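Reckoned from all heavy atoms, side chains included, excluding hydrogens, waters and symmetry mates. Starting from 1, each residue takes its place in the sequence as its number. Nothing here was measured: the structure is a model prediction, and the numbers come from that model.
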Amino acid sequence: MRLLASWELGLGYGHVATLAPVCRALRAGGHHLTLAARTPQTALRLERDAFDLVVQSPRFAGAVPRRETLTYGQVIAAGGLADAAGAIPLVRQWLDFFEQLAPDALLAEHAPLSLLAAHVAGLPARRLGPTFVAPRARDAGASLQPWAGHDAAELAAAQLPADRAVREACRHFGAPELAGLDELLAGAPLHSLAWAELDHYGPDGTASYYGPLIGIEADARPDWPEGEGPRTLVYLPFDRAGSAIVVRALRALGWPALWHSASSPGEALPGNIRYSAAPIDLAAVAREAALYVGRGSYGASASMLAAGVPQLLLPDTLESLLLTYRLRLAGAAQSQAVSAGADAVRAALCRAAGDDRIRAQAARIAARHANHRADTMTGLLVRNLLSGIAD
């Protein structure tokens, strides 16, 4: 079959890394894979062999009013699903893509406008990814801030523009009308790449979790630098303001640290921090690490769960804050706001490294998933995708 994978929203490695193992396995089975990517250079640089063709996906160029983000509908408003005026031109661009590429089915990862276009075109579609980008249909209007206690009326009001945009786009193109975002998601069955501990909406006893299949091809295994204290693995971009605060905290502690960032450090690093511009082989290095420090990004935190490494998370987006919240509830992580300064971060590093409870819970979670094999689950997912598309 000719399959089109789509990625419209979000930055970084994770979106390509979600699609790559599945697309690589599909290619090995003789299927043709095109990726329509938000940033094609990311896919070409990191996962070139996963796709036959990589092209630029349609992108929303308009502005969306800044407001508190309460639901998934507000997350994807940034991609043009805030109103019909933004959605309709993008759906038309996707329909043109479908005509040019003639796909037999769509595989969507954080690509809601491609899903809407697939509905209009009658093209079979499947969704895959972690639950923040691929929620269950019933969670389309659920709270993304469960700690805040927003009531049902607030959540419904937050979701209303996306629901209205879906309905109006269906009418515009003469497609079967959908009531809203939940029906759009229900029409593209979900293949959830999570474990219960990584579910942004909370553990679901009825869900079929394939687990994290993410895996950027990462071969870097730098030697640990000299230093006294727990070995600390850090995944933080140096272009984020909080990174300089973490550098100061680690300098003061003198702990040996391996640090990956795609962006270069803006200052000379102390001798106890070794920088790798290339993504580090997390599975290998995690076996030697006593503590992981990151933003709460899905891929790296999943790798640390699998390895049983305690986590200190410094979230800086709603998605990372929500995953941090879930991992704290699971007992595998602590968190800290970097805005509190280097002294507070240093104290948080010491607390996390010395907390026997999160170390024991991280080990229990790793043991629970010890039989998870990404290649086996990828094969199962591919079989289920193909059988679902064929039905």
So which pairs with a foot in residues 63-105 pass ring-ring contact (aromatic ring centres under 6.0 Å, His included), sequence neighbours left out?
Trp94-Phe97
Do you know the tightest heavy-atom contact between His31 and Leu386?
NE2-CD1, 3.7 Å
Taking atom CG of Asp223 as the centre, does the number of heavy atoms from other residues, nucleotides or ligands within less than 6.0 Å exceed 12?
no
First locate atom NE2 of His119, then atom OG of Ser114, and finally report the distance between them rounded to the nearest 0.5 Å.
13.5 Å
Taking the side chain as everything from C-beta on, heavy atoms only, tell me whether Arg326 gets closer than 4.5 Å to Pro146.
yes
Non-hydrogen side-chain atoms of Pro58 and Leu113 separated by less than 4.5 Å:
no
Nearest heavy-atom pair of Phe60 and Ala78: which atoms, and what distance?
CD2-O, 3.5 Å
Do other residues, nucleotides or ligands put more than 12 heavy atoms under 6.0 Å from Arg45 CZ?
yes
As a quick check of understanding, evaluate salt bridge (Lys or Arg N to Asp or Glu O under 4.0 Å) for Asp199 and Arg136, giving each step before the final call.
CA-CA 10 Å; Asp199 192 322; Arg136 293 173 288 273; 2.8 Å; yes
Might you confirm whether atom CD of Glu226 has over 12 heavy atoms from other residues, nucleotides or ligands at distances under 6.0 Å?
no
Mind checking whether Asp104 and Ile389 have side chains closer than 4.5 Å, heavy atoms only?
no
Among residues at least two apart in sequence or on other chains, which ones pass side-chain hydrogen bond (donor to acceptor under 3.5 Å, both in side chains) with Asp182?
none
Work out which heavy atom in Gly129 is nearest to a heavy atom in Thr18; give both atom names and the distance.
CA-CG2, 3.8 Å
Partner set under side-chain contact (heavy atoms from CB on, under 4.5 Å) for Asp239, not counting sequence neighbours:
Pro237, Ser263
Hits for side-chain hydrogen bond (donor to acceptor under 3.5 Å, both in side chains) against Arg346, two or more places apart or cross-chain, chain-then-number order -> Asp343
With a 4.5 Å cut-off on side-chain heavy atoms, are Ser192 and Thr131 touching?
yes
Mind running salt bridge (Lys or Arg N to Asp or Glu O under 4.0 Å) on Asp375 and Arg373 for me, showing each step along the way?
CA-CA 6 Å; Asp375 54 352; Arg373 297 291 180 268; 6.0 Å; no
The side chain to side chain contact (heavy atoms under 4.5 Å, CB included) partner of Tyr325 among Leu327, Leu323, Leu329 is Leu329
Enumerate the ring-ring contact (aromatic ring centres under 6.0 Å, His included) contacts for residues 243-286, please, sequence neighbours excluded, ordered by first and then second residue.
Tyr13-His260, Tyr235-His260, Phe238-Trp259, Phe238-Tyr275
Quick one: OG1 on Thr324 to CD on Gln336, what's the gap to the nearest 0.5 Å?
12.0 Å
Exceeds 12 heavy-atom contacts within 6.0 angstrom, atom CZ of Arg48:
no
Do other residues, nucleotides or ligands put more than 12 heavy atoms under 6.0 Å from the CD atom of Glu267?
yes
Residue pairs involving residues 161-196 (criterion ring-ring contact (aromatic ring centres under 6.0 Å, His included); sequence neighbours excluded)
His191-Tyr210, Trp195-His369, Trp195-His372
List the steps, then state whether salt bridge (Lys or Arg N to Asp or Glu O under 4.0 Å) holds for Arg27 with Asp52.
CA-CA 8 Å; Arg27 284 191 73 201; Asp52 293 282; 3.0 Å; yes
